[in-house]
Every structure is written in structure tokens, then in C-alpha cells.
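Chain letters run A, B, ... following the sequence lines, proteins first, then strands; residues in each count from 1.
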Amino acid sequence: MFDIKWIRANAEAFDTAMQKRGAAYRAQPLIELDENRRAVIARLNEAQEKRNAASKLIGQAKAQKDEARAQALMAEVAGLKDDIQKGEAEEREAEAKLKAALEVIPNIALDDVPVGDDETDNVEYFGPNGSPELAAKARPPKPSFAYRPKEHYELGEALGQMDFEIAAKLSGSRFVVLKSHLARLERAIGQFMLNTHVDEHGYTEVQPPLLVRDEALYGTGQLPKFLADQFAAVKDVTAEEADRLWLIPTAEVPLTNLVRESILSEEELPLRFTALTPCFRSEAGSAGRDTRGMLRQHQFDKVEMVSITTPETSTDEHERMLDCAEKVLARLGLHYRVMTLSTGDMGFGAQKTYDIEVWLPGQDTYREISSVSVCGDFQARRMEARYRAADGKPRYVHTLNGSGTAVGRALIAVMENYQQEDGSVSVPEALRPYMGGLTTIGGR
RNA sequence: GGAGAGAUGGCCGAGUGGUCGAAGGCGCACGCCUGGAAAGUGUGUAGGCGGGUAACCGUCUCGAGGGUUCGAAUCCCUCUCUCUCCGCCA
């Protein structure tokens, strides 16, 4: 959510930024809405001032038992009441119009974000020093296979531990049932990632609600614009008017909203939260994409990281968070690359986003497994999340979120990267403690 | 699910139509006092919006949103949340 004052003062910068994002929003119509709003407020305030002054006098007259004077004064301001009520209605309308216009505008990209139309304009990122060699040294190498590596669903179905047919019978398409060692492998991956962030990266573990109100989704930016992507849970199916909660599309929603409507002290920042939760997405816009396998599901587990920082530290925190996400992939021995998303590919609330793309040998391609974004004060404004700065004034915090990482996709990656020619999957070293020491899934 | 009671500033708490953004206390900040500290004492101590270079002025906000009234923390309606008792329940 933008500050209209900022748009007013930086109309040109706003227009340029929107152009870069390929968005049609422009400052001028917003400024007009704001001017109307301010004119309405000024008029209303004037009328209220008159009324308040008169009411005070009436109060005094009544206190002095001067009934005649009180009556005279009351007659004098009687006409104001109508004006004020009309003014109040006008103000509500003007505020609502401006808000409705502002709340659907995407965030502005930071200056160092590559300008582009879509994912083809994303740029590979090699860390703060920009060295491909150093980056390559820090990351696991791409594995090579002497045979055509299989896709995860081929492996999983052959193992008899990944069942899309029965899942479809239970829940429809885009669901999966995992069994036996694969079920445990998914749990192991989640536990491993969560433990890593809690024990080594300084994140506070959170077990948040999976069902949230409208306000929470509004705070992180999913509502009102992306209503169609969400799953809703109806409180009482027999009720005439459906009272509903939303299934979280990501733990970003509850974790970020942990600080909503509060004024934090500067000393307690940064706050770092992490959670392992299921995520629910209806993926309405992308029917037909990735229909095979468990790459794109209506339900998946994800470990999420959220940081709440001051404005001064948010970009450093962004690099740190990316590093935390990379760490778990490196520990799992999974080859990956990092992309800086172009202005055309970024999400609604992001100022800058890194995607981590893991290598999937079965698909012979890189696929997104983590997305790490800095949102500036965009979400903070929607949530009214502030902190008290050194000068004593409340300022909006900055928020960041990142997957650390998607558990379902990590399972796919582990299967495809650790597969063996006989169709078995060896268990990465880091996960064996979570697998009761099991070293191989399937095989003889 | 049923019955009842509530929600006031950072915290506690008074206030049931009139000069109340709100007594009092605690906390906090600054000053005085002190060799230093404690105690004591004085002053200050919410947020949003509009206007103004600023000092400042105006306005709104007593859980949230509407309404009644010249005037609402106080009366009415709706919503949210909390607590107590009963019921149900992993």
C-alpha cells in the first residue's frame, strides 16, 4: 500500500516505477482523488469547529441555568448538523475511493532490480560480490547420470509410495498421497529445514493458525486483488450468509501479521520468525501447467522465514535470508542457481525478489524452490505495523519473507537428484538422522 | 452451543449526556534536591488526518463501524475480542 503523500511528492518517480513494472497505474488520477478528499476534510473540519465551539457555549449556558441563552445558541447551530453529517458521508466516500485505488497498486521495485516483462528477463545472481566462480564453489555441483534420469513421479509411483490416483479420488486433481518412506522423507525434510533455521539461523519457531481472517490476507497483500487464488473455509455451511476464514496460501501470512497493529521498540528488531506449515493454493490462473507430478499442488508443506526490520537494515536482511535458504539446499547437496526477478516477474508486494531454482535432472531444468522477497513498508502500511524510532516517532517497519524452502519441491529435488539406476533413492546424509538411519528408499 | 459479565492511554484504574483526549496511581523522560544514589519534588509523557517553512492551529479517535443529540467514553444498533459458569470435544 502506498502513502498518497509520497505519490503526491514523487509523481514522476511513481509513474516511471509503474511503467517499469508494466503496470498501468499513474499518479495523476490518484492525486485527484486525494485532492477531492482533502477538500472534503477541510470543509468538514470547518463545520465541526463551529459546532464544537457552539456546543461548548451551550454547555456553559446550561451549567449557569441560562436556559434562554442555551436555546438561542441551539437554534443557531441547528443547521450545521446536516452539513456535518453530509460532510462525514462525503469524507467516508472520498477515503474509500482513494483506498480502493491504492490497495490494488503493486509495490515499486528497488533501483537494482532488472527491468523486464517476464521471467525471461530475470538475471542470474551470484551473491553480493557478483562472482560466478565463488558462487559455483559454494554450491553443490550439478550431478551427472549415465542413464536418462527419471522424473520424481515415475520414481515415486514405481516405488508404490506416491499415489496420485487415490488422491484424485479423495480430493480431485493436484493432490497426492505419499506413503511409507516417501511420507517420512517429506517429514524429514521439513524437520531438517525448520531445525536449521531455528538452531543455526536465529529464527524463532512459530506454530501459527492455518486459517486466517480477511484482514490478515489484506495485510500481506493477497486481498483484495488475489481473492481467486485462495481457498476459503466456511465456518457454518448451514448458515445463510457464509462466515468464512481463509486457508493460508503461505505461512508468510500469519508470520508477517504477527506484528500487525503494533508499535514495536527499535531494540527488539529484527524479529525473525519461521514456521513449517501446509499451504493451500487454488492456482486458478495456471490450470494446465505442470499437471503431472507433485510440482504444483493445491496443498503443500513449506518452511517459511519472515523478518521484521527497520528501513535501514532490510536490504542487508534480504541477503541474509537468501543465504539461510541457500544453506539448507547446500546441506542437502542439491544443485541450484539464484535469479533476481525482473520487474515484470515480481510479486505484488515485493520491492525485490530472489528466486532459488533447484536443478531437477528428471526434468532436465531448474525449477523454483524458494522465493525471497523484501517488501519495504508496503505490507507494514496495510497491517499498521510500526516501531518507535530513536526520535520517538513511530515509523513503519520493513517486512521480508522467504521460503526456506518449499518442502514438497525439495522432496522432488531429492528424489530426482539422489535417484539410482534401479529406481531407488539414496537418502542425503543430512536427512538420515531424521529417517531412523535409513540410507536408501526402495531397491534391493 | 446455552447463560451472564466486560473491553478506557505503555500498564492499573475513575468516569452513565455538557467546557473529557479523558481524574488518580504506576511506569518512562528531563530537571531540582544529593558527594553519589534512594526517597522527595517539579515538568512532560498517545495516534491519525487537514492546514502551516515552523512555532502552532483545527479535527477525529475511550475495542471496531454505524446511529440518536446543539453536544456521546457515557444512550441505541451491528461486529470483533476477552472473562465466568454450564454443555460438547482432540
Side-chain angles (χ1 to χ4, degrees), chain A residues 1-9 30-103 207 209-219 223 235-246 254 257-268 377 380-397:
Chain A
M1 177 84 95
F2 279 97
D3 180 5
I4 184 61
K5 282 191 223 162
W6 184 88
I7 296 179
R8 241 195 277 158
L30 299 166
I31 289 173
E32 280 165 24
L33 283 174
D34 185 49
E35 269 165 10
N36 170 54
R37 172 183 142 270
R38 285 192 293 160
V40 166
I41 287 174
R43 247 182 287 139
L44 175 62
N45 279 4
E46 215 177 302
Q48 285 170 328
E49 189 179 351
K50 274 194 227 162
R51 180 204 60 193
N52 288 350
S55 290
K56 238 176 214 189
L57 292 177
I58 292 169
Q60 284 169 0
K62 289 252 185 186
Q64 291 159 11
K65 306 277 185 218
D66 188 347
E67 198 54 38
R69 191 167 128 76
Q71 288 298 329
L73 283 162
M74 278 162 70
E76 210 177 299
V77 291
L80 275 178
K81 193 182 170 183
D82 228 37
D83 290 351
I84 288 171
Q85 287 192 325
K86 244 174 48 201
E88 282 172 347
E90 275 171 12
E91 190 201 353
R92 275 199 290 274
E93 198 192 331
E95 299 272 12
K97 272 189 187 160
L98 180 63
K99 180 163 179 265
L102 288 174
E103 67 192 4
Q207 189 66 259
L210 307 180
L211 297 172
V212 297
R213 294 176 186 286
D214 290 22
E215 288 84 342
L217 280 188
Y218 181 88
L223 287 184
K235 263 189 193 164
D236 178 2
V237 292
T238 63
E240 302 231 339
E241 206 152 320
D243 209 355
R244 67 191 174 186
L245 289 171
W246 301 97
N257 277 281
L258 247 27
V259 297
R260 68 175 295 119
E261 293 163 57
S262 61
I263 301 181
L264 306 162
S265 67
E266 184 159 5
E267 298 81 65
E268 59 190 311
D377 62 9
R381 282 179 193 287
R382 300 173 83 98
M383 297 188 301
E384 279 301 313
R386 294 172 291 176
Y387 76 101
R388 206 171 286 282
D391 63 3
K393 291 257 180 283
R395 296 161 74 193
Y396 287 107
V397 297

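When heavy atoms are screened at a 4.0 angstrom cut-off, A/Gln60 is found touching base atoms of the nucleic acid. At a threshold of 4.0 angstrom between heavy atoms, the contacts of A/Gln71 with the nucleic acid are absent. Among the atoms of the strands shown, none is found under 4.0 Å from any heavy atom of A/Lys50. Residue-level contact check: A/Ile41 touches the backbone only, with heavy atoms under 4.0 Å from sugar-phosphate atoms and none from bases. Across all strands, A/Arg8 comes closer than 4.0 Å only to sugar-phosphate atoms, never to a base (heavy-atom distances).
On the C1' atoms, B/U80 is 7 Å away from B/A64, given to the nearest whole Å. Comparing B/A73 with B/G21, their P atoms are spaced 7 Å from each other, to the whole Å. Taking the C1' atom of each, B/C62 and B/A46 are spaced 12 Å apart, rounded to whole Å. Spacing between B/G35 and B/C28 at atom C1', rounded to whole Å, works out to 27 Å. Separation of the C1' atoms belonging to B/U16 and B/C75 is 9 Å when rounded to the nearest angstrom. The same atom, P, is picked in B/G31 and in B/C49; the two are 32 Å apart, to the nearest Å. For the C1' atom pair drawn from B/G10 and B/C89, the interatomic distance equals 39 Å after rounding to whole Å. Annotation: B/G25 and B/G15 have their C1' atoms spaced 15 Å apart (nearest Å).
For the side chain to side chain contact (heavy atoms under 4.5 Å, CB included) with A/Phe2, the lone residue among A/Leu30, A/Ile7, A/Asp377 that qualifies is A/Ile7.
Closest heavy-atom contact between A/Leu57 and A/Arg69: CD2-NH2, 4.1 Å.
Here the CD-CD1 distance, from A/Glu91 to A/Ile84, works out to 12.0 Å after rounding to the nearest 0.5 Å. Rounded to the nearest 0.5 Å, atoms CD (A/Glu93) and CG (A/Asn36) are 8.0 Å apart.
Put simply, chain A comes within 4.0 Å of RNA chain B, heavy atom to any atom, from B/G18 to B/C81, going 5' to 3'.
Ranked by how close their nearest RNA chain B nucleotide is to the 5' end, A/Lys62 and A/Arg213 are led by A/Lys62. Nearest-nucleotide assignment on RNA chain B puts the 5′-proximal partner with A/Gly59, out of A/Arg37 and A/Gly59.
Within a 6.0 Å radius of CD in A/Glu215, other residues, nucleotides and ligands contribute more than 12 heavy atoms. Counting non-hydrogen atoms of neighbouring residues, nucleotides and ligands closer than 6.0 angstrom, the CD atom of A/Glu268 exceeds 12 such neighbours.
Residues A/Arg213 and A/Trp246 form no side-chain contact, since every pair of their non-hydrogen atoms from C-beta on lies 4.5 Å or further apart. In this structure, the side chains of A/Arg395 and A/Arg388 stay at 4.5 Å or more apart for every pair of heavy atoms. Taking the side chain as every heavy atom from C-beta outward, A/Leu98 and A/Ile4 approach each other to under 4.5 Å.
Taking a pair as Watson-Crick or G-U with both hydrogen-bonding distances under 3.5 Å, the stems of three or more pairs touching RNA chain B are B:1-7 with B:80-86, B:10-12 with B:24-26, B:27-32 with B:40-45, B:46-51 with B:56-61, B:63-67 with B:75-79.
Remark: A/Glu267 engages A/Ser265 in a side chain to side chain contact (heavy atoms under 4.5 Å, CB included) (not counting sequence neighbours).
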